[in-house]
Amino acid sequence: MKTVYTCFCTDVIHDGHLNIIKEAKKRGKVIVGCLSDEALIRYNKFPTISQEERIKLYKDIDGVEEVVIQNNMLYDDVIPIIQPDYVVHGDNWLNGPERAIRDNVEELLKVYGGELVDIPYTRNEKVKKIDVQLREKLAMPEYRRKRLRQLISIAPVVKVLEAHSGLTGLIVEKTVIEHDGKLDQFDAMWISSLCDSLSKGKPDIELVDMTSRFRTIDDIMEVTTKPIIFDGDTGGLTEHFVYTVRTLERMGVSAVIIEDKKGLKKNSLFGTEVEQTQATIEEFCEKIAAGKKAQLTDDFMIIARIESLILEKGMEDALKRSRAFVRAGADGIMIHSRKKDPAEILEFCDRFREEDKVTPIVVVPSSFNTITEEELIKHGVNIVIYANQLTRSAFPAMQQTAEDILKYHRAKEVDDRLMPINNIITLINEL
Ligand code: SPV
Ligand code: MG
C-alpha cells in the first residue's frame, strides 16, 4: 500500500480540504500533518483552537488513517521519516511566498523518488466565506486580546512593528517575506505615541488626547487581526488611567505600556536634553496597581516602562524599580535606552533574569539597532518593538517627492519612484 502525505494548517475543514483527502485516498493510505502552533503563528494562520483539537478534527475526517505533528512550515522533519510515495497539496502554493515551501518539498522527495501532486484549489463561495469567517474571528476582541499572551508563550520572541493608520496596520498585518527558504512576518502592532502624534502633525507630549488615540486604534482594528500593544505614555492621572485600561480592554487591545514619568512628558529619545521628571516608585506602583484592579479579563497586560537609563539614574535604580513594579502587579517590564551600544540594555536584562525568570521583558531597539533578535532572545527578551521605522522611512520619501514636483513643475520626474497607479487603486480589495 502506498502512503500519501498532506499537511493541514486550518481550524475548519471545508470542501477544499475534503477534496484533498479524496484525491490523496485515491493514491494510498493518507497521513495528515498537523502544523504545530509554533509553526502556524509564523504562517499567519493564528490558531483559534488548540493543537489537540486540530489533531482530533483531522483524525475525524473520513479517509484519514493517521495524524502526525509537523513542527516546521518546511517539511524537513516529516518527509525523510515518513518517506511518503506522494505529497498532495492545493495548487495555491505554486505562486507567492508559499512557493518556497513547495520547492522544499520537491527537494526532499527527489532524494528517494517521491512524487508531488498539486491539486486544483477549490474556489467556491462556501470556502471563501469560511476563510473570511476565520479571519473575522481573529479580529474579535476576545480573540485578539489574548493573542499577545499566547504569542509570548509560544514564540521565541514577539516581533512588533509600529502602525498609526489603517494603511500602516495593513503593512504590519500582511507583510510576509521568504528568506533562506523560510517565511517570516511580524506578530503584533505598536501604537506609538510618537508616530500617532507625528501623523497628526503634533509633538509627542501627550497632546493628542485619548479619544483621538482610540480612534487610531479603531481604524487599525477595522482592517487587521494581529494583536495590539498601545503606547500609553505616562498613563496620565491614575484616576484617568483606570478608564483607559477598561476601554483598551473592551476594544481588544492586548497590552498597554506606561512609562514611569510625570508632569510634561517628552519623547524618551531626547534623554536629558530636555526636562523630564521620573515618578517616584510609590507613585508609579500605585498607578500600576489601580490599573490591574480595574481590568476585567486575565488576558490584558499592563507593562511598566522604566526610564532610569534614559534619564541617567543608573542601573541600580532601574533594577530597583523593576522589582517594585512587578510586585505592584506589572505583567511585563519595558527597559529603554537611547545609547547606540546595547550594553546597558543587556546588563539590565541579564540581571533582571537572574532574579525573575518569567516576567516578560520588552525592548525598543531604535538607538541600539545593531543588536539582532537572536541576541536579544539569549538575554531573555520576549518582545522586540520596532517603534518608528515605518514613519521614518515614509516621511523622507514623501518630502523628496514634494520637493521634486516643485522643482520640475510636473510629476514625471518622480514617477519612477512611485507605485504604479493601477497598483494603488487596487491595493485595497472591495468586499
Ligand atoms: C514611541 O514609539 O512613542 C515610544 C518609543 O514611546 S520612543 O520613541 O523610543 O520613546
Ligand atoms: Mg511613546
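Both counts, for ligands and for their atoms, begin at 1 and track the order of listing.
At a heavy-atom cutoff of 4.0 Å, ligand 1 is contacted by no atom of I385, backbone or side chain. Residue-level proximity to ligand 1 for L194 is carried by backbone and side chain together, each with a heavy atom below 4.0 angstrom.
No hydrogens or angles considered: nothing links the side chains of N388 and S192 as a donor-acceptor pair under 3.5 Å.
By the 4.0 Å N-to-carboxylate-O rule, E374 lies too far from K378 to be salt-bridged with it. Salt-bridge annotation for K56 and D60: present, with a side-chain N of the basic residue lying under 4.0 Å from a carboxylate O of the acidic one. Using a cutoff of 4.0 Å between basic side-chain nitrogens and carboxylate oxygens, D196 and K200 are scored as salt-bridged. A salt bridge links D118 with R102: the closest approach of a Lys/Arg side-chain nitrogen to an acidic carboxylate oxygen falls below 4.0 angstrom.
Annotation: atom 2 (O) of ligand 1 to nearest protein heavy atom, S192 OG, 2.7 Å. In terms of protein heavy-atom proximity, atom 8 (O) of ligand 1 is closest to N267 ND2, 2.9 Å. Looking from atom 4 (C) of ligand 1 to the surrounding protein, the closest heavy atom is D231 OD2, 3.4 Å.
Considering R338, E259, R305 only, the shortest heavy-atom separation from atom 10 (O) of ligand 1 involves R305.
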Practice item. Start with the C-alpha gap between D233 and K265, add the side-chain angles, then the distance that decides, and say whether salt bridge (charged side-chain N to carboxylate O under 4.0 Å, His left out) holds. Key: CA-CA 8 Å; D233 288 319; K265 186 222 85 148; 2.9 Å; yes
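Side-chain atoms of R147 do not come within 3.5 Å of backbone N or O of P227 as any donor-acceptor pair. Panel note: side chain E162, backbone W190; no donor-acceptor pair is recorded below 3.5 Å.
Those atoms of ligand 1 that come under 4.0 Å of a heavy atom in S268, given as number and element, are 10 (O).
The shortest N or O to N or O distance between H336 and ligand 1 is below 3.5 Å.
For R145, the salt bridge (charged side-chain N to carboxylate O under 4.0 Å, His left out) criterion is met by D299, not counting sequence neighbours.
Counting only protein N, O or S atoms closer than 2.8 Å to the Mg ion (ligand 2) gives 2.
For the pair L269 and ligand 1, a heavy-atom separation below 4.0 Å is found.
Both tests pass for K146 against the ring of Y143: distance under 6.0 Å to the centre and angle within 45° of the axis.
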